Amino acid sequence: MDRRNNTHVSDFILMGLTESEEIQLVLFIIFLIIYLISVLGNTGMILIIHLDLQLHSPMYFFLSHLSFLDISYSTVITPKTLQNLLTSMKHISYISCFTQMYFFAFLGVAECFLLSSMAYDRYVAICNPLHYPVVMSKRFCCSLIFGSYSIGFTNSMINVLFMSRLDFCDSNVIHHFFCDTSPILDLSCTDTRGVEIMIFIFAGSTLMVSLITISVSYLSILTTVLKITSTSGKRKAFSTCASHLLGVTIFYGTMIFTYLKPRRSYTLGKDQVASVFYTIVIPMLNPLIYSLRNKEVKSALKRLMRKRQDFRQLK
């Protein structure tokens with residue numbers, strides 16, 4: 001009991017990305033702009049989908065939840081990062097640190113399974129178009145969303161419970177810009193092999209199950225598309241998947257690079273760059289990918305702008 005009290009820290013120090021004040025100021029401006037674009041872009045996407053009746057379909061229902069996850073994902077990390085870039089006091093309380101870690105894992109896992117649901121939706125739309133309205137019913141779509149959030153909640157809860165059992169005695173300095181698992185494991189003065197194995201199993205199974213679902217869905221889509229004789233038909237089928245496939249590639253590429261490897265191969269520079277990409281940059285890219293490459297979203301935006309102009313004229 002005494003050992004637990006002696007080794008339990010009340011707060012951590014987030015060292016951030018750099019100690020140079022000039023670089024910190026530049027990073028603050030860049031991250032602030034990215035964060036504002038991310039929040040405005042994803043909020044705009046949610047509003048467009050909600051307001052335009054022609055976008056009330058399973059594909060855009062999932063996309064609105066992806067935008068919500070990206071707003072939440074970015075908000076869990078970026079504001080604290082911006083604060084630390086401006087101040088010399090880089091402390092974060094023990095509770096706040098583990099709360100940040102919990103929501104980061106929760107939202108990340110939920111997004112993995114949401115992307116899997118979106119891939120399955122595209123599979124049904126292209127491979128079984130006649131059965132699409134029946135298979136992708138509102139009830140089934142809500143079940144997929146609920147399942148994504150539930151798996152994220154369970155996975156992150158188990159992760160944080162195991163991490164909270166660690167003792168910290170030598171240092172409370174986290175060499176990262178947010179409370180991630182690998183840098184915190186490095187601080188522990190107890191044996192972390194059991195926790196590392198548990199995290200690897202849960203993170204690996206989450207990524208593998210979702211990746212297998214996405215891979216099987218797109219292999220089936222590819223097989224179906226290659227059977228289409230017309231060039232325009234092939235182009236149309238591929239265009240409905242291009243945005244999602246690009247988003248999946250970027251998201252999973254950085255996640256696999258960071259987490260599906262032994263902790264000994266953790267390198268401060270490379271892993272921090274990858275972490276910046278999937279915690280700050282990707283939430284900004286998703287609304288751009290799904291709007292700029294999507295004719296339906298562009299048309300919906302034009303319709304809403306036209307309605308707004310007509311409403312003003314009536315006034």
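Remember, it's a predicted structure, so these values are computed and weren't measured experimentally.
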Side chains of Thr78 and Ser74 only: does a donor on one sit below 3.5 Å from an acceptor on the other? yes
Can you list the steps and then say if Val109 with Ser156 is a side-chain contact (heavy atoms from CB on, under 4.5 Å)? CA-CA 8 Å; Val109 172; Ser156 59; over 6 Å; no
Tell me whether the count of non-hydrogen atoms from other residues, nucleotides or ligands lying under 6.0 Å of OH in Tyr60 goes above 12. yes
Just verifying a value: how many Å separate Leu47 CG and Asn42 CG, rounded to the nearest 0.5 Å? 11.0 Å
Common cluster, Phe113/Ile214, ILVMFWY with side-chain heavy-atom separation under 4.5 Å: no
Do Ile250 and Ile289 come close enough that some side-chain heavy atom pair is under 4.5 Å? yes
Counting C-beta onward and ignoring hydrogens, is there a side-chain heavy-atom pair between Glu196 and Asp191 closer than 4.5 Å? no
When you group the ILVMFWY residues by side-chain heavy-atom contacts below 4.5 Å and let the links chain together, are Phe177 and Ile13 in the same group? no
Just checking, any donor-acceptor pair under 3.5 angstrom between side chains of Ser210 and Tyr252? yes
Side-chain donor/acceptor of Ser188 to backbone N/O of Ile184, under 3.5 Å: no
Show the numbers, then the answer: is there a ring-ring contact (aromatic ring centres under 6.0 Å, His included) between His50 and Phe61? CA-CA 9 Å; His50 177 72; Phe61 174 69; over 10 Å; no
With no hydrogens and no angle check, just 3.5 Å: does a side-chain donor-acceptor pair link Asn155 and Thr206? yes
Would the distance check show the side chain of His175 and the main-chain N or O of Pro183 forming a donor-acceptor pair, the cut-off being under 3.5 Å? no
Between atom CG of Leu285 and atom OH of Tyr278, what is the distance when rounded to the nearest 0.5 Å? 15.5 Å
With a 4.5 Å cut-off on side-chain heavy-atom distances among I, L, V, M, F, W and Y, is there a chain of contacts connecting Val297 to Leu51? yes
Step through the shown structure and confirm whether more than 12 heavy atoms of other residues, nucleotides or ligands are within 6.0 Å of CZ on Phe202. no
Mind listing the closest non-hydrogen atom pair of Tyr290 and His244 along with its distance? OH-CA, 3.3 Å
Verdict with reasoning, Arg303 to Gln54, per side-chain contact (heavy atoms from CB on, under 4.5 Å): CA-CA 10 Å; Arg303 284 193 298 271; Gln54 293 188 32; 3.6 Å; yes
Interatomic spacing from CD1 in Ile199 to CZ in Phe162 - rounded to 0.5 Å: 9.5 Å
For a quick test of reading the model, state the closest non-hydrogen atom pair linking Ala300 to Ile48 and the distance between them. CB-CG2, 3.9 Å
Hey, could you give me the OG/CG distance between Ser117 and Leu115, rounded to the nearest 0.5 Å? 8.5 Å
Is there a side-chain contact between Thr75 and Tyr73 (heavy atoms, below 4.5 Å)? no
Side chain to side chain contact (heavy atoms under 4.5 Å, CB included) partners for Ser20, two or more places apart: Thr18, Glu22, Ile23
Could you grab the distance from atom CD1 of Ile46 to atom CG of Leu66, nearest 0.5 Å is fine? 9.5 Å
Would you say Thr43's side chain and Leu40's backbone share a donor-acceptor pair under 3.5 angstrom? no
Within a strict 4.5 Å, meaning less than it, do heavy atoms of the Thr254 and Phe277 side chains meet? yes
Is it true that Met284 and Leu36 fall in one hydrophobic cluster, defined by side-chain heavy atoms closer than 4.5 Å? yes
Donor + acceptor pair across side chains of Tyr35, Thr81 (<3.5 Å): no
Over 60° means perpendicular and under 30° means parallel, so classify the ring planes of His65 and Phe68, tilted if in between. perpendicular
Does any part of the side chain of Leu161, heavy atoms only, come nearer than 4.5 Å to the side chain of Met157, both counted from C-beta? yes
Table please: side-chain donor-acceptor pairs of residues 96-108 below 3.5 Å, with sequence neighbours left out.
from   : atom 1 : to     : atom 2 : distance (Å)
Ser96  : OG     : Ser93  : OG     : 2.7
Thr99  : OG1    : Ile95  : O      : 2.7
Gln100 : OE1    : Cys179 : N      : 2.9
Gln100 : NE2    : Val76  : O      : 3.1

Are side-chain heavy atoms of Met59 and Leu63 found at a separation under 4.5 Å? no
Test item: Lys80 and Phe178 side chains (from C-beta on) under 4.5 Å apart, heavy atoms: no
Any donor-acceptor N/O pair, Asp167 side chain to Cys189 backbone, under 3.5 Å: no
Begin with the C-alpha distance, continue with both residues' side-chain angles, and end with the deciding distance and a verdict on side-chain contact (heavy atoms from CB on, under 4.5 Å) for Phe31 and Leu85. CA-CA 10 Å; Phe31 289 172; Leu85 286 170; 3.8 Å; yes
Would you indicate whether the side-chain heavy atoms of Met136 and Leu144 approach each other to under 4.5 Å? yes
Tell me whether Ser38 contacts the main-chain N or O of Ile34 through its side chain, where contact means a donor paired with an acceptor under 3.5 Å. no
Minimal heavy-atom distance between Ile49 and Ser64, with the atoms involved, is CD1-N, 3.8 Å
Could you please spell out the steps behind the side-chain contact (heavy atoms from CB on, under 4.5 Å) verdict for His176 and Met15? CA-CA 6 Å; His176 210 0; Met15 290 302 293; over 6 Å; no
To the nearest 0.5 Å, how far apart are CG in Asn84 and NZ in Lys90? 5.5 Å
Co-membership, hydrophobic cluster, residues Ile33 and Leu17, 4.5 Å side-chain: yes
Which atom pairs, donor and acceptor, lie under 3.5 Å between side-chain atoms of residues 124-135 and protein residues at least two apart or in another chain?
from   : atom 1 : to     : atom 2 : distance (Å)
Tyr132 : OH     : Asp121 : OD1    : 2.5

